[in-house]
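Data first, discussion second: the structure below is written as structure tokens.
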Number of protein chains: 4
Amino acid sequence: MNFANNQAIYLQIAEEICSYILLKKWAQEERIPSIRELSVQLEVNPNTILRSFDTLQNEGIIYNKRGIGYFVSADGMEKAKIYLKQKFTDEDMPQFFKRMNLLSIPFNELETYYKKFINKNKN
Amino acid sequence: MNFANNQAIYLQIAEEICSYILLKKWAQEERIPSIRELSVQLEVNPNTILRSFDTLQNEGIIYNKRGIGYFVSADGMEKAKIYLKQKFTDEDMPQFFKRMNLLSIPFNELETYYKKFINKNKN
Amino acid sequence: MNFANNQAIYLQIAEEICSYILLKKWAQEERIPSIRELSVQLEVNPNTILRSFDTLQNEGIIYNKRGIGYFVSADGMEKAKIYLKQKFTDEDMPQFFKRMNLLSIPFNELETYYKKFINKNKN
Amino acid sequence: MNFANNQAIYLQIAEEICSYILLKKWAQEERIPSIRELSVQLEVNPNTILRSFDTLQNEGIIYNKRGIGYFVSADGMEKAKIYLKQKFTDEDMPQFFKRMNLLSIPFNELETYYKKFINKNKN
DNA sequence: GTGGTCTAGACCACC
DNA sequence: GTGGTCTAGACCACA
């Protein structure tokens, strides 16, 4: 039994940053908070934030200006979406479908729930 | 940012027990491990286990024989399924659908992924 | 005046590993020494070696088997060559050409030296 | 693995001084900074600077006036160029060509890179 | 044993 | 101020 979320903190933070970009809380070409700011705010070690940034930089989602800070790439939103979608299909979906099978929920039934969800949130 | 799973531990354990019942690791009318056993195994305070058992007993999934232990109800499997399904539709599904919307994944696409999942796990 | 090589240690190590692969000291699909072994041998912190390995893994030059170690990729030699060549053309060549200009060495003259070098090392 | 530049510090400084002369930062017959000044500026022991000056004096690149200081020779620029060129052809070139061979870069290709370099820096 | 993660803290270069 | 590098050492999961 694992009570804590088993995913590495730096990956959780990376995903969170992507979500922020997708939600347009940080626009493209905009500077994101510094490593030190985030490390204080999220109460983690600066090195952990750096690792998140490194990961996102490798994905081309953010880039870096020496001595200034990190910025969302010009195509950061698109790339953030690709990054998150990959994680979603590879990790969340299989777990979700597994649960459906355990609970004998047929795929048809899922659509019903989906329509309800859409109706409730369409406003 | 929440690094730890935000759900109460005793509820996590309750769900886990239901899963075990559904997977037939503990048959109906079978005695389940004692509070002490589980508290040692899961490295949790015995009171936490007791709360899980209370919750499941209220749902009619397990019952208690004084001085002997807890047992899976005669209709425990069915009730465990209902219990888990409720959690699944109320908590997991909305979160899942929300993510789909954020990532602009149409419902049609989900079916494709579902079929892939089924094919991979049908053996 | 910088007396020490200004390139980061973990990048120097990454290049050194690539050279080893190109020189076939570590064959493709072969396991390379563990992080701990190299950290002792090279007298650097294990984290520094890990960073070198991370870099090379991102380049697809090496890959990892959990709990076993790092291995040279099937196409590791080719990718190591590409990696080193990029570094060579981007960093070493400009510096080399700059020196040629400072010393007023025309390109023709370089060819003479090159032929001498080849003759001396062709055996 | 050598993390530090393997060349003796006093030789590195000697080369640096030659570069300065070639770049006309110190003109011929001009006095160059005192041993004490340089030792402070470069954070090096005065004896190390003295050894650099000795080396350059032996090459006839600089000369000494008792009680006054060191001066660039009348033909210092030419001799500095010869000194640096010798180092360049004897030490840098072989290493450079060796790398070219390791990376299977033919000499023709080098010319392409050279032209690009010239074009970029011709302004 | 292996690698993976995280913390604490230091020093550096660049702006 | 910013990020970049490196060390020391801890704890974890996996095999």
Side-chain angles (χ1 to χ4, degrees), chain A residues 1-17 26 29-58 61-73 87 91, chain B residues 1-5 41-43, chain C residues 1-17 26 29-58 61-73 91, chain D residues 1-5 42-43:
Chain A
M1 175 104 31
N2 56 335
F3 305 131
N5 190 330
N6 52 357
Q7 189 164 224
I9 293 177
Y10 81 94
L11 289 177
Q12 291 180 48
I13 294 174
E15 285 201 38
E16 195 67 14
I17 291 172
W26 295 330
E29 300 293 359
E30 186 180 325
R31 183 176 170 279
I32 67 183
S34 77
I35 289 179
R36 285 173 176 102
E37 276 176 34
L38 284 178
S39 75
V40 169
Q41 193 181 318
L42 303 179
E43 298 180 317
V44 294
N45 189 284
N47 281 326
T48 303
I49 304 289
L50 176 60
R51 239 179 142 180
S52 307
F53 283 11
D54 258 6
T55 304
L56 295 174
Q57 194 168 34
N58 276 336
I61 296 166
I62 63 178
Y63 66 93
N64 161 275
K65 288 187 194 170
R66 277 292 193 86
I68 300 180
Y70 281 85
F71 295 75
V72 178
S73 301
K87 294 256 176 186
E91 294 162 19
Chain B
M1 177 99 29
N2 56 334
F3 303 134
N5 193 326
Q41 193 181 318
L42 303 179
E43 297 177 331
Chain C
M1 175 103 30
N2 56 334
F3 304 132
N5 191 328
N6 52 356
Q7 186 163 227
I9 293 178
Y10 81 93
L11 289 176
Q12 291 180 48
I13 294 174
E15 285 201 37
E16 195 67 15
I17 292 172
W26 294 331
E29 299 295 359
E30 187 181 325
R31 184 177 170 276
I32 68 183
S34 78
I35 289 180
R36 285 176 176 102
E37 275 175 34
L38 284 178
S39 75
V40 170
Q41 194 180 319
L42 303 179
E43 297 180 318
V44 294
N45 189 286
N47 281 326
T48 303
I49 303 290
L50 176 61
R51 240 179 140 182
S52 308
F53 283 10
D54 258 4
T55 305
L56 295 175
Q57 195 168 33
N58 277 337
I61 296 167
I62 62 177
Y63 66 93
N64 161 276
K65 287 187 194 168
R66 276 295 193 84
I68 301 181
Y70 281 87
F71 295 75
V72 178
S73 301
E91 294 162 21
Chain D
M1 177 98 30
N2 56 334
F3 304 134
N5 191 327
L42 303 179
E43 297 179 329

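Please read all numbers here as calculations on a predicted model, not as lab measurements.
When distances are taken from the side chain of Ile35(C) to each of dG3(E), dC6(E), dT2(F), the shortest belongs to dG3(E). Listed nucleotides: dT2(F), dT2(E), dT7(F). Nearest to the side chain of Ser34(A): dT2(F).
Checking the phosphate oxygens (OP1, OP2) of dG4(E), a side-chain nitrogen or oxygen of Tyr70(C) falls inside 4.0 Å. A sub-4.0 Å separation between OP1 or OP2 of dT7(F) and a side-chain N or O of Thr48(C) is present. Considering only side-chain N and O atoms, Tyr10(A) lies nowhere under 4.0 angstrom from the phosphate OP1 or OP2 of dC6(E).
Contact record, Ser52(C) with Tyr10(C): OG-O, 2.9 Å, taken as the closest heavy-atom pair. Nearest heavy-atom pair across Thr55(A) and Leu11(A) is CG2-CD2, 4.4 Å. Heavy-atom minimum distance, Gln12(C) versus Gln7(C): NE2-O, 2.8 Å.
Between the P atom of dG3(E) and the CD atom of Glu37(C) lies a distance of 8 Å, rounded to the nearest Å. For the pair Arg51(C) CZ and dG3(E) P, the computed distance is 18 Å after rounding to whole Å. Atom CZ of Phe71(C) and atom P of dA15(F) are 13 Å apart (whole Å). Atoms CD (Gln7(C)) and P (dC6(F)) sit 10 Å apart, rounded to a whole Å. Spacing between atom CG of Leu50(A) and atom P of dT5(E) amounts to 14 Å, rounded to whole angstrom units. As rounded to whole Å, 10 Å separates atom C1' of dG3(E) from atom CZ of Phe53(C). For the pair Asp54(A) CG and dC6(E) P, the interatomic distance rounds to 14 Å; values are reported in whole Å. Look at CG on Asn64(A): it is 9 Å from C1' on dT2(F), rounded to the nearest Å.
Taking only distance into account, the side chain of Asn47(C) meets the base of dG9(F) through a donor-acceptor pair shorter than 3.5 Å. Contact of Arg36(C) with dG3(E) (side chain to base): a donor-acceptor pair of N or O atoms is detected under 3.5 Å.
Between Leu50(C) and Tyr70(C) there is a side-chain heavy-atom pair separated by less than 4.5 Å. With contacts defined as side-chain heavy-atom distances shorter than 4.5 Å, the pair Phe53(A)/Ile32(A) qualifies.
Nearest-nucleotide assignment on DNA chain E puts the 5′-proximal partner with Leu11(A), out of Ile68(A) and Leu11(A).
A donor-acceptor distance shorter than 3.5 angstrom exists from the side chain of Arg31(A) to the backbone of Ile68(A), with no hydrogens or angles considered. For Ser39(C) (side chain) and Asn45(C) (main-chain N/O), no donor-acceptor pair under 3.5 Å exists by modelled atom type.
Counting only Watson-Crick and G-U wobble pairs whose two key distances fall under 3.5 Å, DNA chain F forms stems of three or more stacked pairs at E:1-14 with F:1-14.
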